[in-house]
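Before any comments, here is the structure.
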Amino acid sequence: MALFLDVDDKQKRELLSALGLLHALKQGGEEVTLEHWIQCARVHCLSKIESYFLQDASQLRQPLNLRNEAAAVSLLLAHWSARQAGGEQQQLLTSLLEYGRTLWPELASGDVALSSLSTAGGSVGGGADRDSSSNSSSSSGGDSSSAGGLSGRPVQAKAVAVEPPRGIPAPPGSPAADFEAWAREQGVGSAITIASFGALRGCAAARDVQPGEPLLSIPSDVLIYEDSVRQTDLGRMLMAIPGLTIDNLLIIFTMIDRHDPDSKWARYWRSLPDKYYTGLSFPEQLVEELKGTAAHLELQRAQAHLRRQYGDTQPLFHMLLQAYPQFLQPDWFDYDSYLWAAELWYSYAFEVQFPEASGNEAEAAAAETGAAGEAAAGGSKPAAGRPAKPRARQMGGGKGTKLGRSGSRSSTSSAGGSKKGGGSNGKAADGSSKDKSSSSSGGGSSSKPVMVPFACHVNHSPWPHCVRYGKVNPATGTLDYPAFRPCKEGQQVYISYGPVPNLKLLCYYGFVVPHNPHDLVPLLLEPPHGPLHDKQATALQRLGLGLEHTLQDGPLSKQLLACLRVIVCTADELAAVRQRSCDPLAGPINKENESQALQTLQAALKGMLAPLLRLPLLAGGAAGADEEGEEAAAGQQQQEAGDGLAAAEAAGQQSCEAQQAKQQQAEQQQAEQRDTEQQQPEQPEPPGCNENGFDADWRMSRHFCRVYLEGQAAILRRSLEECRQALAVLQE
Ligand SMILES: C[S@@+](CC[C@H](N)C(=O)[O-])C[C@H]1O[C@@H](n2cnc3c(N)ncnc32)[C@H](O)[C@@H]1O
């Protein structure tokens, strides 16, 4: 079992120890049951964001959420299957498969939830709106994640067992069918086939697939990445150019190679869409419609970064055109072509680990399970004395992303993974908290951004069929995508790109998932100015607490509450914290302090929600939004006046209950509407949409923006409701 342990991770070791597993699993032996193994795997697969929200170790005695449990089962399945276990291990494997079955129904209902999205996409305007509003069903302040089953379950109008639609295979002679023929010639093993599902292209199971079976098995020489590019004349020439980053090199290689009919990957390039609709190419007007949100900041930053990088590469393009006028054409190097290649790498690439550079198996295992949203850390501003209220604001999504999702990892920090030079948005299979940036900086990781023909045709789901991929199998030299749950022939197969929040999906993939269980709202607290600031800062530091926090569609994190408790401390309370006579992480300091902390948070949340609701994308779409709009306006004005908290408090005070009532009514209507839709025959792909349901008018993208905003609002409302309830309890 030591093989699974993320030995470098102190928190995970402490959790294992608290669960009494560390010793037992090191020793091995008969007393180690499947339950022990699963608990250990849960710890191993904890993402950073799950660690952040974890209340205490005992939670891991039970499944934590659907994602973590699926990752844990997949980890054990991969380990025991790979070892061709005999005797005792075979027994464990059988029990594990039996246990895994308990997860299938909820995951399968995710297939239905997602397929209704792709059908909705088929009628961009109406369908999109319908689906969009359905997302607000969790906006009522209720905790969808605790509505039964494991948290992270898909939300559906009714718990009806509806079969997801069957895909329509790519027509013979189409670029997609031709690509599949090429893939077979290259030795790609595949249990899937490219197919259309309403307006969305994806992959369907070509036959019934069972847990443990590979959906895809891709020889490493089919992969497009640094090393394989180096083996081409074009790649060698580009690599000789000093100062070119790998990310930029891969983009430029793609810009040129896609036009080469003799390229090894020509039939792959031809199978790709002519245009992408990720946030990187959102028109300015659409970006502006998100003003005031983290997505707005992220999009502005990412778009500016790409433009700058393109500008910096201009001299190279001129040089290439002058040197090879007979081979190259100027329009291959315009900004749209650069954007096309960049978006392709952002949204279709994976991070893959190659065996030769892999240091140890523990690290490899960690890499295979991917990473998650970042929790919080750092940053502070001078503060005022006691009941001074910290200001909270939504943070920008981060500084950058990386090329390629890793079947194993992601940097899906709400505050953003970052990598200068833009590039890769690593797809990551779900799992451990090691993200690329952390493992890279830690040394020893051999993850590389890789274009994986075929795997990159598979769509994403938070309720996937495959979560563990991303490491080339040293024995076979293949990159495998094993299913951990069954998929029926004809039905859509999903992989997880990682626990990616909607902000990242919108910006780097161009779509979002309604009721995305990995969705987050970033929250940056500013400590009050004042005489206690230094002491507060020291107390926070000693407690390991930063000011960057995260909200989810679930309970508030204990770190956030602890941070607030310290920030609103009086001098006496602060002294008690310093003398360790009370621990803000363990619970309230006292009633008064707790009340201050909760009110502070409540005001901050209202200050964030109000401007969100005022955005035309939301306010314009919601019937009866006037009331909320007025509140939003009040909140916005006050925020602009620099006193966001008091204002938001005043504005939002009466709003919650009215909002909830409206919400419930809207949800009822949406549920009825969806039932009617589901009974209607599948709609043909509407004219003017590309293979992924996008249209030149950006209607589908606007729909996704709206769903993103609704998701943010839902999380804020849910957190507000928790504050309200906690304050009510205090007042009893
Ligand atoms: C790696 S590609 C997947 C293959 C792609 N559908 C195709 O046929 O070219 C990622 C893109 O597929 C689309 N996509 C993936 N998963 C999706 C989902 N669950 N819902 C909507 N679109 C999705 C988005 O456009 C995304 O940028």
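We count ligands from 1, going down the list as the structure has it; atoms in each ligand are counted the same way.
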- prompt: Is it true that a side-chain atom of Thr478 and a backbone atom of Asp480 form a donor plus acceptor pair closer than 3.5 Å?
  reply: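 Checked: no pair found.
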task: Indicate, with yes or no, if the rings of Tyr346 and Tyr276 have centres closer together than 6.0 Å.
output: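 Here the rings of Tyr276 and Tyr346 have centres that are no less than 6.0 Å from each other.
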query: Can you list the residues that meet the side-chain contact (heavy atoms from CB on, under 4.5 Å) rule with Ala176, with sequence neighbours excluded?
result: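 With neighbours one apart ignored, the set is Ala170, Ser174, Ile194, Arg201.
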message: Could you tell me if the side chain of Asn690 sits less than 4.5 Å from the side chain of Asp274, heavy atoms only?
response: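 No, every pair of side-chain atoms sits at 4.5 Å or beyond.
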message: Does only the side chain of Leu272 get under 4.0 Å from ligand 1, or the backbone, or both, or neither? Count heavy atoms.
response: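 Near ligand 1, Leu272 shows nothing, with every heavy atom at 4.0 Å or more.
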query: Under a 4.0 Å heavy-atom limit, does Phe197 contact ligand 1 with its side chain, its backbone, both, or neither?
result: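 Answer for Phe197: neither.
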Tell me the nearest of [options] to [atom], using heavy-atom distances.
atom	options	result
atom 20 (N) of ligand 1	Phe694, Tyr509, Phe704, Phe511	Phe511
atom 19 (N) of ligand 1	Met451, Arg201, His460, Glu343	His460
atom 3 (C) of ligand 1	Asn459, Ile194, Asn516, Val512	Asn459

message: Applying salt bridge (Lys or Arg N to Asp or Glu O under 4.0 Å), can you list everything that pairs with Glu284, at least two apart in sequence or on another chain?
response: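 Once residues adjacent in sequence are excluded, Glu284 has no partner under the salt bridge (Lys or Arg N to Asp or Glu O under 4.0 Å) criterion.
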Atoms of ligand 1 close to Cys456 [distance to a heavy atom under 4.0 angstrom, numbered from 1]: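 Once the distances to Cys456 are compared, the set is 1 (C), 2 (S), 3 (C), 4 (C).
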Atoms in ligand 1 with a heavy atom of Ser347 nearer than 4.0 Å: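 Ligand 1 atoms under the 4.0 Å threshold to Ser347: 1 (C), 10 (C), 27 (O).
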- prompt: Is a salt bridge present between Arg485 and Asp111, judged by a nitrogen-to-oxygen distance below 4.0 Å?
  reply: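 A salt bridge is present here (some side-chain N lies under 4.0 Å from a carboxylate O).
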